Amino acid sequence: MVNFLNSKLIQNKSELKEFLGKLNHQQIALVPTMGALHAGHLSLVEKAKTLADQTVVSIYVNPSQFGENEDLDSYPRTLENDLAKLSDLGVSAVYAPGNEQVYPEGFQTYVYNNSLSNDLCGASRPGHFQGVCTIVLKLINLMQPKWVVFGKKDYQQYKIIEQMVRDLDLDTGIVGADLVRDSHGLALSSRNKNLNEDQKKLALSLYQTLQLGKQIVQQGERDPSRVVDILKKKLLEVDGITLDYLEMRQADDLSASSPDSVVDSILLGAIKVGSTRLIDNMPLS
Ligand code: PAF
């Protein structure tokens with residue numbers, strides 16, 4: 001276990017046990033991350049600090065949530081910078097395990113969500129949410145946190161984890177924290193690091209389209225497919241991006257929206273700019 005300023009860097013399960021053993025039943029709020037921390041992550045940490053005595057941040061680029069042709073190898077890994085950012089925030093510990101700690105030789109059990117995981121992002125990223133659920137369940141089992149904080153930028157992930165916690169009777173509360181945007185409106189994401197200035201401008205088209213969708217609903221349109229058709233047409237006209245999906249769903253369970261539920265719905269979209277896949281969403285309430 002290494003100390004960095006007032007916090008501890010823990011890199012294996014025995015050190016983690018030792019740390020947890022000394023907590024004297026104080027409650028933990030956990031912020032699971034894959035590192036490359038930005039202001040969005042730091043807002044999750046601030047939220048976690050209000051929930052429990054001890055805040056733990058995990059930093060682990062989880063291979064099982066990346067598909068074969070995805071960006072596991074190029075995903076930004078910036079542990080030193082991340083620790084520097086966290087050291088000012090007064091987190092109790094950072095858990096940054098190696099792959100051998102998480103998936104030791106012979107590992108073979110994964111958590112499978114049967115429905116939501118195959119939809120939206122899951123439709124173009126088969127196996128992604130199985131990897132997410134598996135690592136999050138492992139972290140919850142190891143640390144028994146009272147709370148786990150997720151960013152609502154990954155809205156589908158947040159909803160799937162809520163479902164997992166209900167389905168598997170986990171004694172942990174899931175807290176969603178609001179999405180954070182840069183001054184232009186671009187949703188903060190570790191993958192934004194892969195975008196050049198022109199690509200950042202293109203990436204904004206998703207946010208602008210979602211905003212337009214919100215305006216259309218505020219002006220009284222109640223037909224979900226009409227709203228979605230307008231927005232998709234607009235995005236398909238933008239040169240330099242590829243549309244993966246743009247959908248309107250009920251915000252509580254991501255089921256299909258109807259005219260009666262439009263105001264309780266959320267718009268969700270995914271695009272590719274170059275080889276970088278970006279997601280964003282906008283609640284319509
Ligand atoms: O949202 C993320 O960064 C990851 O999917 C998570 C929850 C840390 C699991 O690896």
Side-chain angles (χ1 to χ4, degrees), residues 10-11 16 28-45 47-48 55-67 70-79 81-83 85-86 91 93-99 101-103 107 110-113 116-117 119-122 124-143 145 147-165 168 170 172-180 187-194 268 270 276-281:
I10 299 172
Q11 291 180 290
L16 183 63
I28 291 178
L30 169 66
V31 181
T33 79
M34 297 206 298
L37 302 181
H38 50 66
H41 293 113
L42 304 185
S43 76
L44 305 183
V45 174
K47 177 91 194 166
T55 304
V56 178
V57 176
S58 66
I59 297 183
Y60 178 62
V61 182
N62 173 37
S64 73
Q65 69 187 74
F66 288 79
E70 293 185 353
D71 56 349
L72 173 62
D73 292 339
S74 61
Y75 197 86
R77 288 162 172 84
T78 57
L79 185 60
N81 267 338
D82 293 344
L83 296 179
K85 286 181 182 164
L86 291 172
V91 301
V94 172
Y95 181 50
N99 285 338
Q101 293 292 313
V102 183
Y103 299 109
F107 183 93
Y110 293 87
V111 183
Y112 175 63
N113 167 297
L116 259 182
S117 277
D119 199 8
L120 301 168
C121 285
S124 35
R125 302 189 69 189
H128 169 66
F129 289 113
Q130 172 172 302
V132 171
C133 286
T134 303
I135 184 65
V136 172
L137 180 60
K138 281 173 72 83
L139 291 169
I140 290 176
N141 281 341
L142 280 172
M143 296 186 215
W147 303 104
V148 189
V149 185
F150 290 90
K152 288 193 194 166
K153 182 180 77 75
D154 296 284
Y155 194 80
Q156 184 180 10
Q157 164 173 283
Y158 159 60
K159 285 288 149 184
I160 288 173
I161 298 293
E162 271 190 345
Q163 182 77 39
M164 175 181 82
V165 163
L168 301 184
L170 304 179
T172 291
I174 301 302
V175 176
D178 286 340
L179 185 159
V180 180
L188 296 190
S189 159
S190 303
R191 289 190 167 95
N192 292 352
K193 286 197 166 73
N194 299 332
L268 306 113
T276 306
R277 190 171 184 281
L278 300 166
I279 58 174
D280 199 349
N281 64 70

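Values below: all heavy atoms of this structure, side chains included; hydrogens, waters and symmetry mates excluded. Note that the coordinates shown come from a computational prediction; the quantities given were computed from them, not determined experimentally. In each ligand, atom 1 is the first atom listed, and ligand 1 is the first ligand listed.
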Salt bridge present between R191 and D71 (N-O < 4.0 angstrom): yes
Heavy atom of the protein closest to atom 3 (O) of ligand 1 (residue, atom name, distance): M34 CG, 3.6 Å
Polar proximity ligand 1 side, T33 side, N/O cut 3.5 Å exclusive: no
Y60 N/O to ligand 1 N/O under 3.5 Å: no
Q156 (side chain) donor-acceptor with D119 (main chain) under 3.5 angstrom: yes
Donor-acceptor contact present, side-chain N192 to main-chain A187, <3.5 Å: yes
Which ligand 1 atoms are under 4.0 Å away from a heavy-atom of [X]?
X: P32; answer: 8 (C)
X: I135; answer: 9 (C), 10 (O)
X: Q157; answer: 1 (O), 2 (C), 4 (C), 5 (O), 7 (C)
X: Q65; answer: 4 (C), 5 (O), 9 (C), 10 (O)

Donor-acceptor side-chain pairing of N62 and Y103 below 3.5 angstrom: yes
F129 ring center within less than 6.0 Å of Y112 ring center: no
H38 and H41 aromatic ring geometry - parallel, tilted or perpendicular at 30°/60° bounds: tilted
